[in-house]
Amino acid sequence: MANRAIRADDYWDVRPVIDPQLAPGAERFAFAVGRQDREDDVAVTEIFVAESDGADPRRFTQRRAQSPRWSPDGRSLAYCAKVDDSMQL
């Protein structure tokens with residue numbers, strides 16, 4: 001890939017990893033990935049789960065979910081999601 005200056009349009013391609021949470025037992029972790037939705041012009045986060053070494057990341061939620069938290073036994077994952085314009089657990 002050739003080096004080039006950053007353009008304003010590159011903003012739409014940024015995908016920051018947010019709020020990583022290691023599961024009890026340290027076998028996997030959950031994290032949110034942010035992006036800008038061009039069509040709706042809103043920030044969107046989705047939750048993913050991956051093995052502790054980063055292998056096999058899987059989308060856990062669709063649009064507008066954040067703040068993943070593991071249950072004490074690591075078998076369940078709670079998160080906040082936007083439903084009908086309000087945040088719900």
Side-chain angles (χ1 to χ4, degrees):
M1 176 192 247
N3 290 335
R4 65 170 176 76
I6 295 174
R7 300 184 304 234
D9 202 44
D10 292 335
Y11 171 75
W12 299 105
D13 296 325
V14 174
R15 303 280 191 271
V17 172
I18 306 162
D19 200 12
Q21 297 291 316
L22 192 59
E27 294 176 6
R28 56 193 171 154
F29 68 102
F31 55 96
V33 175
R35 66 179 174 82
Q36 282 296 125
D37 184 316
R38 284 184 191 219
E39 188 174 308
D40 296 333
D41 193 25
V42 295
V44 175
T45 55
E46 300 165 319
I47 295 175
F48 289 75
V49 175
E51 301 303 315
S52 61
D53 63 0
D56 194 27
R58 298 171 308 282
R59 183 177 301 184
F60 191 79
T61 64
Q62 296 296 321
R63 298 171 53 104
R64 303 190 184 173
Q66 61 192 33
S67 305
R69 296 295 183 268
W70 292 101
S71 63
D73 65 5
R75 295 176 55 190
S76 300
L77 184 65
Y79 58 90
C80 294
K82 192 160 193 173
V83 178
D84 297 327
D85 291 326
S86 67
M87 292 302 285
Q88 305 205 4
L89 185 61

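Start at 1 with the first residue, then count along the sequence. Note that this is a predicted model, so its numbers are computed, not measured.
Nearest approach of P57 to G54, heavy atoms of both residues: CD-O, 3.7 Å.
A side chain to side chain donor-acceptor pair (under 3.5 Å) check over residues 47-57, counting only residues at least two apart or in different chains, returns the pairs D56-R58. Listed by first then second residue, pairs satisfying side chain to side chain donor-acceptor pair (under 3.5 Å) with a partner in residues 14-32 read D19-Q21, D19-R69, not counting sequence neighbours.
Note on V42: it does not cluster hydrophobically with V14, by side-chain heavy-atom contacts below 4.5 Å among ILVMFWY residues. The hydrophobic clustering, which links ILVMFWY residues whose side-chain heavy atoms are closer than 4.5 Å, places W70 and F60 together.
With sequence neighbours left out, the ring pair (Phe, Tyr, Trp, His ring centres under 6.0 Å) criterion links F31 to F29, F48.
Note that CZ of R64 is 11.0 Å distant from CD of E46, once rounded to the nearest 0.5 Å.
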Criterion side chain to side chain contact (heavy atoms under 4.5 Å, CB included) on R38 and D9, from CA distance to verdict: CA-CA 10 Å; R38 284 184 191 219; D9 202 44; 3.7 Å; yes
Side-chain donor-acceptor contacts of residues 71-81 below 3.5 Å, not counting sequence neighbours, with atom names and distances?
residue, atom, partner, partner atom, Å
S71, OG, D73, OD1, 2.6
S71, OG, G74, N, 3.4
S71, OG, R75, N, 3.4
S71, OG, S76, N, 3.1
S71, OG, S76, O, 3.4
D73, OD1, R75, N, 2.9

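Residue V83 is found outside any hydrophobic cluster, as its side-chain heavy atoms come under 4.5 Å of no other Ile, Leu, Val, Met, Phe, Trp or Tyr.
Put simply, the side chain of T45 gets close to the backbone of A65: a donor and an acceptor are under 3.5 Å apart.
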